[in-house]
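Worksheet: the structure to be examined is printed underneath.
A, B, ... follow the sequence lines: proteins, then strands. Residue 1 opens every chain. Being a predicted model, the structure only gives us computed values, none of them experimental.
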Amino acid sequence: MIRTALLVAGKDLRIELRSRVLLWQVVPFGVMALLLCGLALGPAHAGNSPAGPGLFYLVTLLVTLLMINRSQAVERTSGTRSSVATLGLDPAGVFLGKALALAVELWVTGLVLLAGAVLVLHTALHGALVALPSIAVTLGALAAAGTLYGALTAGGDGSATLLPVLALPAFAPLLIAGERSFSAALHGGALWEWWVIAAVALVAYLAVGILLYGVLEES
Amino acid sequence: MSSAESTPDLSPVSPPKSSSRGRWRSIGVLAVLALAILALLSQGLLHSLNYFETVDQVLAKRASLGTEVIRLEGVVKPGTITRTSSGASFVVTGSGDHQVYVVAHGSPPQLFQANIPVVVVGHFTTATSLTFDGTQILVKHTASYIAAHPARVKAPNGSVR
Amino acid sequence: MTKQLFPRLLGPVTLVLLALTAWLGLWVTPRDAVQGNLVRLVYVHPAVAWVALYVSFGTATIASVLYLWKRTRSIVMDRVAHCAMEVSVVFIVLTLITGSIWGRPTWGVWWAWDARLTSTAILGVLALGYLALRRANDDQALRARRSAVFAILAAINVPIIHFSVDWWKTLHQGATVFTANRTLLIHGLMAWTLLVSFLGFTLLFFWLLRARYRLEVSRERALSVSLDEALTLRRREGAF
C-alpha cells in the first residue's frame, strides 16, 4: 500500500513539475483572488483586517478545487485508467498517493498564498509562522477530503461544476478549524484545540478514503 | 469505460491477494476512525463555536475583552426595563450577583420581557466599564412550553425547567 | 388482500392525523405562558425537522449502506435512497422556512449564525449535492455506488446537528422531548398534540416516499419501453 502510494504520488508530482500548470495557472489565480479580497474589503480595511485568516483559507479552498480537478484530469488521460486497472494497484495505495501529491502541491501553494497574505493583507509575519503547523495539517486534511470528493465527481457530466457543490460543505468545518487556529496564532487563544480538530479530520478522511476509494474506482 | 471496452482481449486481472488481509485492514482503519472521533469528543468540543458567552463568562474575562464586539447572554432582571426613544435599557443577570447594565438601540423583539433570557450583540462602552452598548437584542426562549391558563391542562409534576 | 391494505390506508390515515394536528394545534391547545400563540409552531417545525433529519435522511443513509454491502446490493436500495433523499430535500427546506418564521417573532431575527441553523443549512446543500451527483452519471451501477458513498459521508452531519444544542451554546433551544435527564418539558394536551404531529408527518414521509418510488419505477419502465420502440422503428426503416 505504502509503495503504491509513493509510486502514484511520484507520478503525479512529476507530471505537475513538467506541465507547470501549478506554477503558471493555479498560483497566479490564487494571488489574483487574494488581491480581489483586498479590493473587496476596501483600502481602509484591507490592511491587518481580522478577516485575514478567513480570506486566506477562502482563497485556499478555491485553489484546492482547481487542483482537485487537475489531479483527477491527470487520472482520466487516455490509457491511464486501463493501465492502472491492469496493473492491479491497491486502490487504497492509489488514494494515499494522490492525496499525498495533492497535499504537497497545496503546501507549496499555501506558502505562496501565506506570503501574499503577509504582503497584501498585512497579516502579522510572526503569527503566520506560528500558524504554519496548523495550516500544514489543515491543508493535508483538505487534500485527503479533496481526493475523495474528486473521485466521487470525476468523469461524469460537468464534473468541474459538480465538485464545488459536493466538496465545499465538507470543507466548511476545515475552513472553520483553520481560520480559528490561524486567528488564535495571530491574536492569542486556543491554538491547539483547533489544531487537534484539523488533525482528527485528516485522520478521519484518510481512513474513509482507504476504505471507500476502491468502491468508487471499481468498474 | 469505453476505453476498456475497445481494448482487445484484456487478460484477467489476478484476484486480490487475500481477502482476510483486506478485512483486517478495514477493521484497523475503522478502529482508527473510532479513536479519532473519541479524541475529538474528549477535546471539550470546539468551545469557540458557541453562539454567545454568558454574563458569568464575560465578567470572568472582562479585563481582556476591552471593547470587542461580543454576544452577551443573560436573564433580563425584572423591574429594570426602561424603554428609551432609541430602544431599551435593562440589566441582565448571570448566576449570583453577576450583572451587566445594557443600553440597547433598535426595537427589541416581540417576546422581550422581564425574566426572559436574551442575547445582546454589542460591546462594553469603555475598556473597564460595566455598561454594555447593545446593537441588537435576540430573545433566547427556553425549550419548555407551559400553558398560559394552567387550569386547562394537567402538568404531571408541575415542575418545569 | 392484507398486503394491499396498509399501502391503501397510508394516505387517508396521514391526512386524518395531519387534520387532527391542525385542529388540536390551532383551536384546542392553550396559548403558551411566554410565547402566546407562537407556540402553535411547535406542532409543525419539530415534526418537519424530525422527518427531514432522521426519518428521510436516515432512510436514505440506511438504504445506501445496504446498497454498498454486497450481500444486500440491489437496485431497490438505490431507488429507495434516491427517493428518500428527494423527499428529505423538501423537508429540510420546510424545516428552514418554518424555523425562520418562528425565529423572526421570538428571537427577533430570520436567521442566526448558530451551530444548529448553520449545520442544518449545510445538510440541505449536501442533500441537493446528492441529487446533482445522481444527475451527473448515466451508468446505473456507477451512479448508485457513488451516490451511496456520498450519502454516507453526508450523514456524518446528522448527529452533529442533533447534538449541536447540547455541545455548544446556541440561540436555538435545546431538546423538549429527548432531554438529557429524561424529563418532558411539555405537558398534557400540548404533548399529545406534539405526538400526533410527529406521527402525522412521519406517515406523510412514507406516503410521499411510496408515491415517489412508484413514479421512479414507471419512469424507468417508460425509458426502456421508448428505447425498445425506437429500436423497432429503426429496424423497420432498415427493412425497406
Looking at chain A, which one of C:N157, C:T118, C:L133 has the largest number of heavy-atom pairs inside 4.5 Å, strictly under?
C:L133
Show the atom names and distances, to 0.1 Å, of all donor-acceptor pairs under 3.5 Å that link a side chain in residues 162-170 of chain A to residues at least two apart or in another chain.
none

For the side chain of C:R146 and the backbone of A:A151, is there at least one donor-acceptor N/O pair under 3.5 Å apart?
yes
A:H45 atom NE2, over 12 foreign heavy atoms within 6.0 Å:
no
Name the region of C:I156, side chain, backbone, both or neither, that has any atom closer than 4.5 Å to a heavy atom of chain A.
neither
Side-chain contact, heavy-atom cut-off 4.5 Å: A:V208 with C:V149?
no
Distance from A:L212 atom CG to C:F150 atom CZ, nearest 0.5 Å?
13.0 Å
So with a 6.0 Å cut-off around CH2 of C:W111, is the heavy-atom count from everything else above 12?
yes
